[in-house]
Amino acid sequence: MTTLLLFRDDAYCQETSAVVTAVTPEGGIVVDRTVFYANAGGQPGDRGTLTRADGCEIAIETAIYSPSKVDVIHVPATGCELPELGEAVTLRLDWSTRHKRMRMHTALHLLSVALPFPVTGGSIGEEESRLDFDIPEGGLDKDAITIRLAEMIATGAKVRERWISDEELLANPGLVKTMAVKPPMGTGKVRLVEIEGLDLQPCGGTHVRGLDEIGAVQVTKIEKKGQQNRRVRLAWA
């Protein structure tokens with residue numbers, strides 16, 4: 001059974017009931033539906049709790065995809081008594097951590113607008129994130145980039161999501177900014193994330209609903225990671 005990914009339709013859903021469909025040999029827990037984002041695309045898997053039918057609470061350290069990519073495996077803290085197959089459970093996110101990642105992830109989309117170069121990599125954290133760009137020349141001004149980000153955030157633009165077919169994306173390759181990570185394709189449809197008036201690109205991660213949720217950010221460091229690779233680090237201001 002494929003895990004239903006509730007976060008794809010509503011990134012603000014913090015809790016759900018679920019049924020255990022499998023327990024992996026390594027002790028991972030698979031359920032029929034989840035609010036936990038699984039590690040992918042530079043965004044870490046969510047933390048939180050799984051509460052068993054008897055009220056026993058299991059700490060979930062992260063979430064990852066199964067080898068088939070159709071199920072989400074919830075990785076518990078060591079030493080936990082695992083639930084039974086078919087058991088009804090409740091999943092709850094560590095919302096403070098998730099929301100920071102949503103704000104950061106959306107801010108990285110803006111960074112890719114401020115620096116319109118191909119993206120070669122990236123990582124999302126609660127306090128600091130980064131994007132790597134394929135930029136042939138140096139000379140980037142971190143203060144100027146910070147000001148541009150602040151200007152975009154101040155617009156309070158709405159963030160919306162919609163779906164297109166794999167064929168539509170292939171027919172519009174200019175939508176894809178990432179070189180190292182391919183858009184989430186293979187199911188017949190791809191989710192586009194639109195920041196109204198500013199950006200449109202395929203992305204399977206979680207984002208805030210409006211730029212006014214992001215808050216103040218700043219470019220803290222620009223590093224040269226190769227002849228044409230520049231790493232731009234972003235943190236809360």
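Keep in mind that what you see is a predicted model, and the values were worked out from it rather than measured. Computed over heavy atoms, backbone and side chain alike; hydrogens, waters and symmetry mates excluded.
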Check whether any side-chain heavy atom of [X] sits under 4.5 Å from a side-chain heavy atom of [Y], and report yes or no.
X    : Y    : result
T62  : P44  : no
L140 : I135 : yes
L110 : D199 : no
H109 : I195 : yes
E128 : T220 : yes

Exercise: identify the closest heavy-atom pair between [X] and [Y]:
X    : Y    : answer
V232 : L115 : CG2-CD1, 3.8 Å
S129 : M104 : OG-SD, 3.4 Å
G27  : L82  : O-CD2, 3.6 Å
P76  : I58  : CB-CG2, 3.6 Å
I73  : S66  : CD1-CA, 3.8 Å
T2   : V70  : CG2-O, 3.0 Å

Spatial distance of atom [atom1] ([X]) from atom [atom2] ([Y]) [nearest 0.5 Å]:
X    : Y    : atom1 : atom2 : result
L5   : R33  : CG    : CZ    : 11.0 Å
L108 : L149 : CG    : CG    : 9.5 Å
I214 : H207 : CD1   : NE2   : 10.0 Å
Q14  : D94  : CD    : CG    : 10.0 Å
T3   : F36  : OG1   : CZ    : 12.5 Å
L198 : L211 : CG    : CG    : 6.5 Å

Quick check on the hydrophobic clustering: are [X] and [Y] connected, directly or via other members, by side-chain heavy-atom contacts under 4.5 Å?
X    : Y    : answer
L4   : V19  : no
V119 : L234 : yes
V23  : Y65  : no
V31  : V72  : no
F7   : V89  : no

Identify, with sequence neighbours excluded, every residue that meets salt bridge (Lys or Arg N to Asp or Glu O under 4.0 Å) alongside [X].
X    : result
E151 : R148
E161 : R191
E81  : R52

Start with the C-alpha distance between L85 and T21, add both sets of side-chain angles, then the distance that settles side-chain contact (heavy atoms from CB on, under 4.5 Å), and finish with yes or no. CA-CA 6 Å; L85 292 182; T21 58; 6.0 Å; no
So, T146 side chain and V219 main chain: donor-acceptor pair closer than 3.5 Å or not? yes
Is the backbone of A63 close enough, under 3.5 Å, to the side chain of H74 for a donor and an acceptor to pair up by distance? no
Take V193 and L200 through the side-chain contact (heavy atoms from CB on, under 4.5 Å) test and state the conclusion after the steps. CA-CA 6 Å; V193 175; L200 178 66; over 6 Å; no
Cation-pi check, R8 to W163: give yes when NZ or CZ is under 6.0 Å from the six-membered ring centre and within 45° of the ring axis, no otherwise. no
With respect to E126, which candidate in K100, R103, R101 satisfies the salt bridge (charged side-chain N to carboxylate O under 4.0 Å, His left out) definition? R101
Using ring pair (Phe, Tyr, Trp, His ring centres under 6.0 Å) as the criterion, list what pairs up with W95, not counting sequence neighbours. Y12, H99
Set out, in order, the CA-CA distance, both residues' side-chain angles and the distance that settles side-chain contact (heavy atoms from CB on, under 4.5 Å) for R160 and E196, then state yes or no. CA-CA 8 Å; R160 299 186 176 92; E196 191 173 42; 3.1 Å; yes
Across all chains, not counting sequence neighbours, the side-chain hydrogen bond (donor to acceptor under 3.5 Å, both in side chains) partners of R209 are D10
Within residues 35-51 or reaching into it, pairs that qualify as side chain to side chain donor-acceptor pair (under 3.5 Å) - sequence neighbours excluded: Q43-H105, Q43-T206, D46-R98, R47-T97, T51-R92
Are E194 and R162 close enough, and set up right, to give a salt bridge (Lys or Arg N to Asp or Glu O under 4.0 Å), and what steps lead you there? CA-CA 8 Å; E194 178 184 12; R162 67 177 188 265; 3.1 Å; yes
Applying side-chain contact (heavy atoms from CB on, under 4.5 Å), run through D134 and F117 and close with a yes or a no. CA-CA 6 Å; D134 182 28; F117 302 95; 5.7 Å; no
